[in-house]
Amino acid sequence: MDVFSKFVTDKVMGTILAALGLYIVLAVIFAVLNVVGNWIINKKAGRKSWAALVPVYSDYVQAELAWHSFAAFWIAALALVSVVLSVVLKYVPATTAKGEAHTWGVILRVIYLIATFTYLVLNIIKNVKLGKAFGKGIGFCIGLVLFTDIFRIILAFDKKAEYKQPHVDSGKIARYVELAQSYAMVSFTVIGVIVFVAIPLIWVVRFCLFKYKGYGSIKYVGLDNFVRVFTRTPKYWLSVKNTFVFAIGKLAVEIPLALVTAFVLTRKIKFRNFFRAMYFMPSMISVAIMGVVFNYLFAHVGGVVNEFIKVLGGQPVMWFSSGTTAMLMLMIASIWQNFGLNMLFFMTGLQSIDPAMYEAATVDGASNTKQFFAITIPLLGPVLQMVLMNAILGSLKVTDLVLTFTNGQPSGKTEVMMSFIYKAFFGNEGGAKDFGFGAALTVVTAVILGIVTIIYLKTTKKSGDVY
């Protein structure tokens, strides 16, 4: 029995080894024939023969023979992307150790599938056109699509197959190239929006439906986070109120101040460049640093302002003891930082107004005040619309100034929407994190900002029209 088993085992192993050896020999022969076939096809069309040795470049050359260089470039590029990603994906898992989806693993696999599918479609078209370029019928072209390597060898050794340069519409190719250049120019912006806007937005929306503290298990709670926002979080709605009070109070001073300052500094006055630089300089300072500096300026004990008041014989003021004075300090700090930048925008708009209009108004006897309201303001419509939009959204999204200056004190009377969301996400002074609740707050705040933006754009639509 042992001898029989050994005989059978030796027979089976011998057969397997013989089959494997035959497969290797046939694979080598077929590979050589494929390279030779590519070499002959390229030579028939008067192309560089060494392209047969480089698979991706061989794809490029044959696509150029059958189609045109524009399509050949994309076929070769997609082939290269597919090859590179197939290697990269071996080291980037689709899931994490906890069984959750790996973000980059999923993104790279989606890109790989799109690139591979597009390459296959373009390759099918290329093979059909390649067959037609050598005078073959539709049956041979279909065979070339289904059994590419075999029919390519047949095509190479077919003496009757003569290459005929396909007709290329140069105008159409130029339009394709122009279109590709346009897409290439915007691709970086689109990729940036996808990576830094779309993906984080999807991440936030997903967490709205879960309760998650940054560790442990994730619990599905449905719409409970939104119910909590609208019914059990009065402090959030107080922060919404504070945000609008801050924005309205600040902009009521900042925008007119920036406009008047820009109007004065576009006139021929002494040291105007010095004043322009001085007014613009605060906008270059980090908001976090500025918040800390203003905190020291208005501190009750040892603050610069209170020390100056004491020198004048007055009593120190507790600037942060009431919500009114604390909010006023926030407004002053924000105005000091931002009005210089808005002034610069207004100056750019003012310098684009034709001086002849002011000269004609002066001849007609119009005063400077009348010229300001009858000429300057209407012609500044588009600039004013842009500046107001940026200022409104910037004021509604203020975060770091509040966190470093007042931290929402006293008793949350200077808390704003974004600082409240920040504390909900990452915990307040060591408190528990709540990513799901923070995500729900983010979505609600985004809706509020969207409504404000739509209302503003609707109400100021005509101000952007300057004739």
Side-chain angles (χ1 to χ4, degrees), residues 27 29-89 108-184 187:
I29 294 172
F30 189 77
V32 171
L33 287 174
N34 204 352
V35 171
V36 172
N38 285 334
W39 181 80
I40 294 173
I41 289 173
N42 295 334
K43 190 174 181 181
K44 281 183 178 181
R47 296 297 193 273
K48 295 177 181 178
S49 58
W50 55 265
L53 303 176
V54 185
V56 174
Y57 191 71
S58 179
D59 268 347
Y60 175 86
V61 173
Q62 290 179 13
E64 189 180 27
L65 295 179
W67 213 341
H68 47 69
S69 57
F70 179 75
F73 166 78
W74 283 107
I75 288 174
L78 289 169
L80 190 61
V81 169
S82 297
V83 170
V84 171
L85 285 178
S86 65
V87 176
V88 171
L89 290 177
L108 290 176
R109 278 165 176 77
V110 170
I111 295 173
Y112 173 73
L113 289 174
I114 294 173
T116 305
F117 177 77
T118 308
Y119 167 75
L120 289 174
V121 171
L122 292 178
N123 208 32
I124 289 171
I125 299 173
K126 179 204 77 174
N127 284 323
V128 171
K129 288 183 176 291
L130 185 65
K132 289 183 177 180
F134 281 90
K136 296 299 180 179
I138 189 65
F140 187 91
C141 291
I142 294 174
L144 196 59
V145 170
L146 297 177
F147 309 101
T148 303
D149 292 332
I150 296 174
F151 274 76
R152 194 181 292 163
I153 293 171
I154 295 172
L155 180 64
F157 291 97
D158 186 355
K159 294 182 179 180
K160 295 181 180 180
E162 294 183 1
Y163 174 73
K164 183 179 179 182
Q165 181 72 37
H167 172 71
V168 176
D169 186 349
S170 58
K172 192 174 182 181
I173 300 302
R175 289 193 295 273
Y176 282 148
V177 172
E178 185 178 353
L179 187 64
Q181 290 173 344
S182 302
Y183 281 126
S187 62

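Note: hydrogens, waters and symmetry copies are ignored here, and every other heavy atom, side chains too, is used. Remember, it's a predicted structure, so these values are computed and weren't measured experimentally.
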**Asked** Nearest 0.5 Å, what's the CG-OG1 distance between Leu85 and Thr116?
**Response** 7.5 Å

**Asked** Within the side chain of Asn127, is there an N or O that forms a donor-acceptor pair under 3.5 Å with the backbone of Asn123?
**Response** yes

**Message:** Rounded at 0.5 Å granularity, tell me how far OG in Ser82 sits from CG in Leu113.
**Reply:** 9.5 Å

**Asked** Cys141 and Val128: which non-hydrogen atoms are nearest, and at how many Å?
**Response** SG-O, 3.4 Å

**Separation of Leu130 CG from Phe140 CZ (nearest 0.5 Å)** = 8.5 Å

**Complete:** Of all heavy-atom pairs linking Tyr119 and Ile75, the shortest is CD1-O, 3.5 Å

**Separation of Lys126 NZ from Leu120 CG (nearest 0.5 Å)** = 11.0 Å

**Atom pair CG (Leu146) and CD1 (Ile124), whose distance is rounded to the nearest 0.5 Å** = 8.5 Å

